[in-house]
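These notes concern the structure reproduced below.
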Amino acid sequence: GAVVSQHPSRVICKSGTSVKIECRSLDFQATTMFWYRQFPKKSLMLMATSNEGSKATYEQGVEKDKFLINHASLTLSTLTVTSAHPEDSSFYICSARVGEKLFFGSGTQLSVL
Amino acid sequence: GENVEQHPSTLSVQEGDSAVIKCTYSDSASNYFPWYKQELGKRPQLIIDIRSNVGEKKDQRIAVTLNKTAKHFSLHITETQPEDSAVYFCAPTGGYQKVTFGTGTKLQVIP
(Lines give C-alpha, C1' and ligand atoms only; values in the text may rest on other atoms or scores of the structure.)
Protein backbone atom coordinates (compact mmCIF):
# COMPACT_ATOMS: atom_id res chain seq x y z
CA GLY A 1 0.00 0.00 0.00
CA ALA A 2 0.92 3.66 -0.28
CA VAL A 3 3.17 5.00 2.49
CA VAL A 4 3.06 8.53 3.85
CA SER A 5 5.91 9.59 6.11
CA GLN A 6 5.28 12.49 8.52
CA HIS A 7 7.89 14.30 10.61
CA PRO A 8 8.37 15.23 13.33
CA SER A 9 6.16 12.93 15.39
CA ARG A 10 6.33 15.19 18.38
CA VAL A 11 7.46 18.78 18.88
CA ILE A 12 7.54 21.10 21.83
CA CYS A 13 8.15 24.76 21.15
CA LYS A 14 8.00 28.13 22.80
CA SER A 15 5.16 30.52 22.13
CA GLY A 16 5.92 32.78 19.17
CA THR A 17 8.11 30.35 17.27
CA SER A 18 7.25 28.65 13.99
CA VAL A 19 7.06 24.93 13.47
CA LYS A 20 7.25 23.05 10.17
CA ILE A 21 5.67 19.66 9.66
CA GLU A 22 6.59 17.57 6.62
CA CYS A 23 4.67 14.86 4.86
CA ARG A 24 6.25 12.77 2.16
CA SER A 25 4.70 10.18 -0.08
CA LEU A 26 7.37 7.47 -0.29
CA ASP A 27 6.23 5.17 -3.06
CA PHE A 28 3.71 7.19 -5.02
CA GLN A 29 3.03 10.70 -6.23
CA ALA A 30 0.53 12.63 -4.18
CA THR A 31 -1.03 15.38 -6.22
CA THR A 32 -3.40 16.14 -3.34
CA MET A 33 -2.64 16.15 0.37
CA PHE A 34 -5.13 16.86 3.11
CA TRP A 35 -4.12 18.40 6.42
CA TYR A 36 -6.20 17.62 9.48
CA ARG A 37 -6.16 18.82 13.04
CA GLN A 38 -7.42 16.72 15.90
CA PHE A 39 -8.11 17.84 19.45
CA PRO A 40 -8.24 15.28 22.26
CA LYS A 41 -11.31 13.06 22.05
CA LYS A 42 -12.50 14.85 18.92
CA SER A 43 -12.78 14.03 15.26
CA LEU A 44 -10.32 14.92 12.52
CA MET A 45 -11.09 18.41 11.29
CA LEU A 46 -9.98 19.27 7.78
CA MET A 47 -7.83 22.38 7.75
CA ALA A 48 -6.85 22.59 4.11
CA THR A 49 -6.36 20.74 0.88
CA SER A 50 -2.99 21.12 -0.74
CA ASN A 51 -2.48 20.59 -4.46
CA GLU A 52 0.93 20.25 -6.04
CA GLY A 53 1.96 23.41 -7.82
CA SER A 54 -0.97 25.54 -6.74
CA LYS A 55 -2.27 27.37 -3.70
CA ALA A 56 -3.87 25.39 -0.93
CA THR A 57 -7.61 25.54 -0.35
CA TYR A 58 -8.38 26.39 3.27
CA GLU A 59 -11.49 25.46 5.16
CA GLN A 60 -13.66 28.15 6.64
CA GLY A 61 -12.22 29.52 9.85
CA VAL A 62 -8.64 28.39 9.18
CA GLU A 63 -6.19 31.27 8.91
CA LYS A 64 -4.06 30.81 5.82
CA ASP A 65 -1.40 33.22 7.12
CA LYS A 66 -1.19 31.27 10.35
CA PHE A 67 -1.03 27.81 8.80
CA LEU A 68 1.19 27.99 5.74
CA ILE A 69 0.92 25.06 3.37
CA ASN A 70 3.37 24.35 0.60
CA HIS A 71 3.13 21.50 -1.89
CA ALA A 72 6.13 22.17 -4.08
CA SER A 73 6.58 18.64 -5.40
CA LEU A 74 4.54 15.52 -6.01
CA THR A 75 6.09 13.84 -2.98
CA LEU A 76 6.30 16.60 -0.37
CA SER A 77 3.76 18.78 1.38
CA THR A 78 4.57 20.95 4.38
CA LEU A 79 2.50 22.70 7.02
CA THR A 80 4.10 25.56 8.91
CA VAL A 81 2.43 26.83 12.06
CA THR A 82 3.63 30.41 12.31
CA SER A 83 3.97 32.32 15.57
CA ALA A 84 2.61 29.37 17.49
CA HIS A 85 0.51 29.91 20.60
CA PRO A 86 -0.65 27.46 23.26
CA GLU A 87 -4.06 27.21 21.60
CA ASP A 88 -2.33 25.78 18.52
CA SER A 89 -1.33 22.75 20.56
CA SER A 90 -2.95 19.79 18.85
CA PHE A 91 -2.40 16.61 16.86
CA TYR A 92 -1.79 17.41 13.19
CA ILE A 93 -2.02 14.69 10.56
CA CYS A 94 -1.68 14.64 6.81
CA SER A 95 -3.35 12.32 4.36
CA ALA A 96 -2.90 11.61 0.68
CA ARG A 97 -5.79 10.51 -1.46
CA VAL A 98 -5.04 7.77 -3.96
CA GLY A 99 -8.17 7.09 -5.95
CA GLU A 100 -10.87 6.82 -3.33
CA LYS A 101 -8.62 5.71 -0.49
CA LEU A 102 -6.81 7.84 2.10
CA PHE A 103 -3.31 7.09 3.31
CA PHE A 104 -2.28 8.83 6.52
CA GLY A 105 0.95 10.12 7.94
CA SER A 106 1.74 9.09 11.49
CA GLY A 107 0.75 12.47 12.90
CA THR A 108 2.55 15.24 14.77
CA GLN A 109 1.75 16.12 18.36
CA LEU A 110 2.47 19.82 18.77
CA SER A 111 2.79 21.31 22.24
CA VAL A 112 3.28 25.06 22.52
CA LEU A 113 4.50 26.31 25.87
CA GLY B 1 -20.36 20.64 2.21
CA GLU B 2 -20.88 17.27 3.77
CA ASN B 3 -22.56 16.73 7.13
CA VAL B 4 -21.46 13.45 8.69
CA GLU B 5 -22.76 12.24 12.02
CA GLN B 6 -22.12 9.08 13.99
CA HIS B 7 -24.19 7.42 16.65
CA PRO B 8 -23.60 6.60 19.37
CA SER B 9 -20.72 8.83 20.40
CA THR B 10 -19.66 6.32 23.06
CA LEU B 11 -20.38 2.64 23.33
CA SER B 12 -19.49 0.16 26.05
CA VAL B 13 -20.00 -3.54 25.50
CA GLN B 14 -19.03 -6.71 27.28
CA GLU B 15 -16.37 -8.82 25.66
CA GLY B 16 -17.99 -11.20 23.22
CA ASP B 17 -21.02 -9.01 22.57
CA SER B 18 -21.69 -7.19 19.30
CA ALA B 19 -21.28 -3.50 18.60
CA VAL B 20 -23.01 -1.41 15.95
CA ILE B 21 -22.09 2.13 14.94
CA LYS B 22 -24.17 4.13 12.50
CA CYS B 23 -22.96 6.88 10.16
CA THR B 24 -25.38 9.32 8.55
CA TYR B 25 -24.27 11.59 5.72
CA SER B 26 -25.81 14.29 3.56
CA ASP B 27 -23.98 14.21 0.23
CA SER B 28 -25.97 12.05 -2.19
CA ALA B 29 -22.92 11.93 -4.47
CA SER B 30 -20.97 9.86 -1.92
CA ASN B 31 -20.03 6.54 -3.46
CA TYR B 32 -17.30 5.14 -1.22
CA PHE B 33 -17.91 4.35 2.45
CA PRO B 34 -14.95 3.47 4.67
CA TRP B 35 -14.60 2.91 8.38
CA TYR B 36 -11.41 3.78 10.25
CA LYS B 37 -10.13 2.68 13.63
CA GLN B 38 -7.92 5.07 15.56
CA GLU B 39 -6.00 4.25 18.70
CA LEU B 40 -4.79 7.01 20.97
CA GLY B 41 -2.04 9.08 19.36
CA LYS B 42 -1.96 6.92 16.24
CA ARG B 43 -3.03 7.38 12.65
CA PRO B 44 -6.45 6.14 11.54
CA GLN B 45 -6.40 2.65 10.07
CA LEU B 46 -8.84 1.53 7.39
CA ILE B 47 -10.68 -1.53 8.69
CA ILE B 48 -13.40 -2.03 6.10
CA ASP B 49 -14.97 -0.20 3.19
CA ILE B 50 -17.87 -0.58 0.79
CA ARG B 51 -18.87 0.93 -2.51
CA SER B 52 -22.27 2.18 -3.51
CA ASN B 53 -23.05 -0.76 -5.77
CA VAL B 54 -22.87 -3.18 -2.83
CA GLY B 55 -25.25 -3.40 0.14
CA GLU B 56 -23.14 -5.38 2.58
CA LYS B 57 -19.56 -6.52 3.02
CA LYS B 58 -18.07 -8.78 5.66
CA ASP B 59 -14.51 -9.47 6.75
CA GLN B 60 -14.31 -11.97 9.60
CA ARG B 61 -15.77 -10.24 12.68
CA ILE B 62 -16.34 -6.92 10.93
CA ALA B 63 -19.10 -6.00 8.52
CA VAL B 64 -20.43 -2.87 6.90
CA THR B 65 -23.96 -2.35 5.63
CA LEU B 66 -25.08 0.48 3.37
CA ASN B 67 -28.47 2.07 2.85
CA LYS B 68 -27.79 4.59 0.10
CA THR B 69 -31.42 5.65 -0.18
CA ALA B 70 -31.52 6.65 3.47
CA LYS B 71 -27.92 7.90 3.37
CA HIS B 72 -26.47 5.89 6.17
CA PHE B 73 -24.07 3.03 6.63
CA SER B 74 -23.17 1.02 9.68
CA LEU B 75 -20.20 -0.79 11.15
CA HIS B 76 -20.90 -4.12 12.82
CA ILE B 77 -18.36 -5.83 15.07
CA THR B 78 -19.23 -9.28 16.39
CA GLU B 79 -17.55 -11.22 19.20
CA THR B 80 -15.87 -8.07 20.45
CA GLN B 81 -12.46 -8.29 22.06
CA PRO B 82 -10.61 -5.82 24.32
CA GLU B 83 -8.30 -4.93 21.43
CA ASP B 84 -11.32 -3.61 19.54
CA SER B 85 -11.40 -0.73 22.04
CA ALA B 86 -10.64 2.43 20.07
CA VAL B 87 -12.30 5.38 18.37
CA TYR B 88 -14.03 4.60 15.10
CA PHE B 89 -14.66 7.10 12.31
CA CYS B 90 -16.64 6.94 9.11
CA ALA B 91 -15.61 9.06 6.13
CA PRO B 92 -18.10 8.91 3.23
CA THR B 93 -16.36 9.98 0.06
CA GLY B 94 -17.37 11.24 -3.37
CA GLY B 95 -18.79 14.31 -4.97
CA TYR B 96 -16.41 16.77 -3.34
CA GLN B 97 -12.66 16.34 -3.51
CA LYS B 98 -12.24 16.73 0.24
CA VAL B 99 -13.06 14.01 2.73
CA THR B 100 -15.08 14.80 5.84
CA PHE B 101 -14.83 12.52 8.84
CA GLY B 102 -17.69 11.58 11.08
CA THR B 103 -17.96 12.77 14.65
CA GLY B 104 -16.38 9.58 15.99
CA THR B 105 -17.48 6.76 18.29
CA LYS B 106 -15.46 5.64 21.26
CA LEU B 107 -15.86 1.91 21.74
CA GLN B 108 -14.93 0.32 25.03
CA VAL B 109 -14.92 -3.45 25.29
CA ILE B 110 -15.07 -4.56 28.88
CA PRO B 111 -13.21 -7.82 29.61
**Report entry** Heavy-atom proximity to chain B below 4.5 Å, by part of A:Gln38
**Finding:** side chain
**Report entry** B:Lys22 and B:Glu5: CA distance, side-chain angles, deciding distance, salt bridge (Lys or Arg N to Asp or Glu O under 4.0 Å) verdict
**Finding:** CA-CA 8 Å; B:Lys22 184 177 180 179; B:Glu5 293 188 359; over 6 Å; no
Requested in this report: With a 4.5 angstrom heavy-atom cut-off, could you sort out which part of A:Phe104 is near chain B: side chain, backbone, both or neither?
Outcome: both
Query raised in the report: Looking at the rings of B:Phe33 and B:Tyr25, which for Trp means the six-membered one, are their centres under 6.0 Å apart?
Result: yes
Report task. Counting only heavy atoms closer than 4.5 Å, note whether A:Leu44 contacts chain B via side chain, backbone, both or neither. Result -> both
Requested in this report: Spell out the residues in residues 36-52 of chain B that have some non-hydrogen atom less than 4.5 Å away from a non-hydrogen atom of chain A, in order of number; otherwise answer 'none'.
Outcome: B:Tyr36, B:Gln38, B:Gly41, B:Lys42, B:Arg43, B:Pro44, B:Leu46, B:Asp49, B:Arg51
Report summary line: To the nearest 0.5 Å, atom NZ of A:Lys42 lies from atom OG1 of B:Thr103 at 10.0 Å
Query raised in the report: So, for B:Phe101 and A:Tyr36, is the gap between ring centers shorter than 6.0 Å?
Result: yes
Report task. Using a strict 4.0 Å threshold on nitrogen-to-oxygen distance, state whether B:Lys71 and B:Asp27 make a salt bridge. Result -> no
Query raised in the report: Side chain, backbone, both or neither: which part of A:Glu100 has a heavy atom under 4.5 Å from chain B?
Result: both
Report summary line: Honestly, the part of A:Thr32 sitting under 4.5 Å from a heavy atom of chain B is side chain
Query raised in the report: So does A:Glu22 pair up with A:Arg24, basic N to acidic O under 4.0 Å?
Result: yes
Query - Proximal component of A:Thr49, with respect to chain B [non-hydrogen, under 4.5 Å] - result: side chain
Report task. Can you measure from OG1 (A:Thr82) to NZ (A:Lys64) and round to the nearest 0.5 angstrom? Result -> 13.0 Å
Report task. Decide yes or no on side chain to side chain donor-acceptor pair (under 3.5 Å) for A:Ser9 and A:His7, but give the supporting numbers first. Result -> CA-CA 5 Å; A:Ser9 58; A:His7 293 280; over 6 Å; no
Query raised in the report: Among B:Phe89, B:Phe73, B:Trp35, which one satisfies side-chain contact (heavy atoms from CB on, under 4.5 Å) with B:Ile21?
Result: B:Trp35
